[in-house]
2 protein chains.
Amino acid sequence: MQKQPTIRDVAAAAGVSVAVVSRVLNPGSGPVAETTRGRVNEVMETLGYHPRTAARELKHGPPTTLGLLLADVSNPFFARLADQVVQEAHSRGIQVLLMTTQEDDQLESERLSTLIERRVSGIIATPTGNNLEIWKKLQDMGTDVVFVDRSIPALPEVDVVTINNIESARSATALLAAHGHRRIAIISGPATSTTGRDRIAGYREALEAAGLEQDDLLVRSAAFRGAAGGDAMTALLNLDDPPTALVVANTAQVTAVLRRLAHAGVSIPDELSVIVFEDSPWTELMTPPLTIVRQPIDLLARHSVQLALSRASGKSSGKPTVVRVDAELIERSSVGRPRVRT
Amino acid sequence: MQKQPTIRDVAAAAGVSVAVVSRVLNPGSGPVAETTRGRVNEVMETLGYHPRTAARELKHGPPTTLGLLLADVSNPFFARLADQVVQEAHSRGIQVLLMTTQEDDQLESERLSTLIERRVSGIIATPTGNNLEIWKKLQDMGTDVVFVDRSIPALPEVDVVTINNIESARSATALLAAHGHRRIAIISGPATSTTGRDRIAGYREALEAAGLEQDDLLVRSAAFRGAAGGDAMTALLNLDDPPTALVVANTAQVTAVLRRLAHAGVSIPDELSVIVFEDSPWTELMTPPLTIVRQPIDLLARHSVQLALSRASGKSSGKPTVVRVDAELIERSSVGRPRVRT
DNA sequence: AATAAAAGTGGAACCGGTTCCATTATGTTT
DNA sequence: AAACATAATGGAACCGGTTCCACTTTTATT
């Protein structure tokens, strides 16, 4: 358990002042003779010196850390988002503090306190929808806040990066309508989430455009966590006039829904055509391969990181930025024509 | 962009010294009159004061951050590990800095430098297998290093948490043998990884116990990244005497292997019985549902965090700890009797 | 009531860097 | 060679907390 050398140890060993060592550490912060630089670097090497980030950050801390606050990381969508965000951040020399809320606003509040104490330069988050005052405070402090995947309408001044949920749900629904389906159901996220609301809006748009009747019984909201998706599925199957097609727009509940379908022995696409919002490699391996809405996670990550670092890099404009990227509808084999009712 | 209040601002506003405020901040560090405490807390509240972590850590920084260095997070196994580690850490008030190596030792080295500079109290990592000197240095510095899922034999003094790979592969292989298979193949991780080696060892043990002939052509190593798994699969299918059963023990390559099988039109389990090391919910939704080896990720996470914090909590024993948790073989429908050769 | 012990508080050094400013060494211009 | 700009360096304050120690006030002991 050796004690780590400090900048003063280095200075002493190299026979220079700490100021010089600091200049060697931060090229461009001042002139250093070439020979001196060499000697100092040598000493740092032999002493195994590593400048301590905590000390560096104390003085006008350069933005070197970014908070990533997600609902959870076991959800593959968030996992891949996290992966991309981390890679993107690393490529800019930024570190990522990963936190999860489990969709719990109490936990979210605690995590945000931690991030405030750390004085992170930016936060990328999937907000629960509450803790409005804390989000505001963060912005006041000069933290770059970016909501990804969802947003909070009551906080219009926050940057947002999402997929075009309305359009995604619209095109998925339209594809089903084009196949001749008239009873199209949707299982989406809770109506309290912008994601859920937008997807349902897109769904309704498509129905209207196709001249189909709307039936609120075919619109189901499922919570992000738990088995809600399965229950919603069961309810749909038990309807007097069950749907012949389904859009599963609540990413978190896709597997729960499919499990219920498998359990009920519903054949896809003969009895039910299905489109899911999910881009797991597994969707292609299912029987039949699923038609999916692919969310461009890499773009979400890239834009999020960029915005979360924008103020730091001085590109802060006055008004909030909203980035809406397009999802891709990938047709495979889980959509067919509706079976003629017997 | 308001400037944040400091402890001195609070002290001034409350009419006390900074020492008193600090004591209020750290209960137990010294006596404070009840009325004073109340007043100080009140001032902190109205001023919106949050102590700055960087400053706190400067002085004998309490272990408040933990590094989690994984290959990547898009792999669901690592994603769920990350999720559990973060939850476990949060429940102890510890933050997690997430980093990825992409299995690249150069990147790993850079990440480790960052972690050294941050003086994290512990690191949980899936090591690439190189950078031995850095790992040693980390330990010398007093950092709690824990290897999870894999280990580095050349570094026996590092704590390790893994599943019992030998036994897992053995029992999976034994199950196939018990079904009458005589040509059992395995696709595992690279032989440079302990995980890969152990799983192959368990596989061989099972063959021996069953009195089956070993054929090196049936043992394939696939790199963690890329399409290596698919190529290995193709090679196996093209054998003169192809296997009738397969263990896919390289978690990262499971989907690549299955994709190739689907593409080749190999029917499971009629033409090939399959067991995979993978616990994604999707495995249950496949046709047929896959027989899997389930890795107890929650246990891995819990033990890892505990060890990574052990020195901090003073429970440092002399010798390194090795935790080996048992995986669970879950039988579903992808294993059958070998088809009689025509 | 005198004395000892405990509680409450403040002053100031310290952690390990960065940075401003003054000072000295070196180089260029006329 | 004088005058001046520039390069290189060092001293010391500073960032925002923690902590040691000395000092004052309160409470307990006999």
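Every chain is numbered from 1, with letters handed out A, B, ... down the list of sequences. This one's a predicted model, so the numbers in the text were calculated from it and none came from an experiment.
Summarising the geometry, the separation between CZ on A:Arg52 and C1' on C:dC14 is reported as 12 Å, rounded to the nearest angstrom. Per the geometry, CZ belonging to B:Arg119 stands 12 Å off C1' belonging to C:dC15, to the nearest Å. Per the geometry, CZ belonging to B:Arg56 stands 18 Å off P belonging to C:dG16, to the nearest Å. Atom P of nucleotide C:dG8 and atom CZ of B:Arg37 are separated by 9 Å, given to the nearest angstrom. Taking atom CE on A:Met141 and atom P on D:dG16, their separation rounds to 12 Å, with Å as the unit. Distance B:Leu25 CG to D:dG17 P: 8 Å, rounded to the nearest Å. Counting to the nearest Å, the C1' atom of D:dC15 and the CD1 atom of A:Ile7 are 14 Å from each other. Between the CG atom of B:Asp9 and the C1' atom of D:dC15 there is a distance of 13 Å, rounded to whole Å.
Across all strands shown, B:Val16 has heavy atoms under 4.0 Å from sugar-phosphate atoms exclusively, and none from any base. Among the protein residues, A:Pro31 comes within range of the nucleic acid bases, having at least one heavy atom under 4.0 Å from a base atom. Residue contacts for A:Thr36: at a heavy-atom cut-off of 4.0 Å it reaches the sugar-phosphate backbone alone, with no base atom in range.
Annotation: side chain to side chain donor-acceptor pair (under 3.5 Å) contacts of A:Asp83 (sequence neighbours excluded): A:Gln87.
Summary of the strand contacts: B:His50 and A:Arg39 both lie near DNA chain D, and taking for each the nucleotide with the nearest heavy atom, the more 5' one is attributed to A:Arg39.
In terms of modelled atom types and a separation under 3.5 Å, the side chain of B:Arg324 and the main chain of B:Thr162 share no donor-acceptor contact. Without hydrogens or angle criteria, B:Lys137 side chain to A:Gly48 main chain gives a donor-acceptor distance under 3.5 Å.
There is a side-chain donor-acceptor pair under 3.5 Å between A:Glu108 and A:Asn131. Between the side chains of A:Thr65 and B:Arg118, at least one donor N or O sits under 3.5 Å from an acceptor N or O. Side-chain atoms of A:Arg119 and B:His50 form no donor-acceptor pair, as typed in the model, at a separation below 3.5 Å.
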Report summary line: Expected string for nucleotides 19-28 of chain D under the B/S/- scheme (protein heavy atoms, under 4.0 Å, primed atoms plus P, OP1, OP2 as sugar-phosphate) is BB--------

Report task. Show your working on side chain to side chain donor-acceptor pair (under 3.5 Å) between A:Thr101 and A:Glu103 and close with a plain yes or no. Result -> CA-CA 5 Å; A:Thr101 64; A:Glu103 302 287 3; 5.0 Å; no

**Report entry** Chi angles and distances behind the side-chain contact (heavy atoms from CB on, under 4.5 Å) call for A:Ser304, A:Phe147
**Finding:** CA-CA 8 Å; A:Ser304 300; A:Phe147 289 157; over 6 Å; no

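Out of D:dA7, D:dG17, C:dG16, the shortest distance to the side chain of B:Leu58 is found at C:dG16. Listed nucleotides: C:dT18, D:dA8, D:dG16. Nearest to the side chain of B:Arg8: D:dG16. Distances from the side chain of B:Val32 to the nucleotides C:dT9, C:dG10, D:dA8 place C:dT9 closest.
The cationic atom of A:Arg80 (NZ for Lys, CZ for Arg) does not lie both less than 6.0 Å from the six-membered ring centre of B:Phe78 and within 45° of the ring axis.
When the side-chain nitrogen and oxygen atoms of A:Ser17 are compared with OP1 and OP2 of D:dG10, one or more of them lie within a distance under 4.0 Å.
Computed from C1' positions of five pairs at each end, the angle between the two local axes of the helix from C:dA1-D:dT30 to C:dT30-D:dA1 equals 30°, rounded to 10 degrees.
When the shell of 6.0 Å around CD of B:Glu133 is examined, it contains more than 12 heavy atoms from other residues, nucleotides or ligands.
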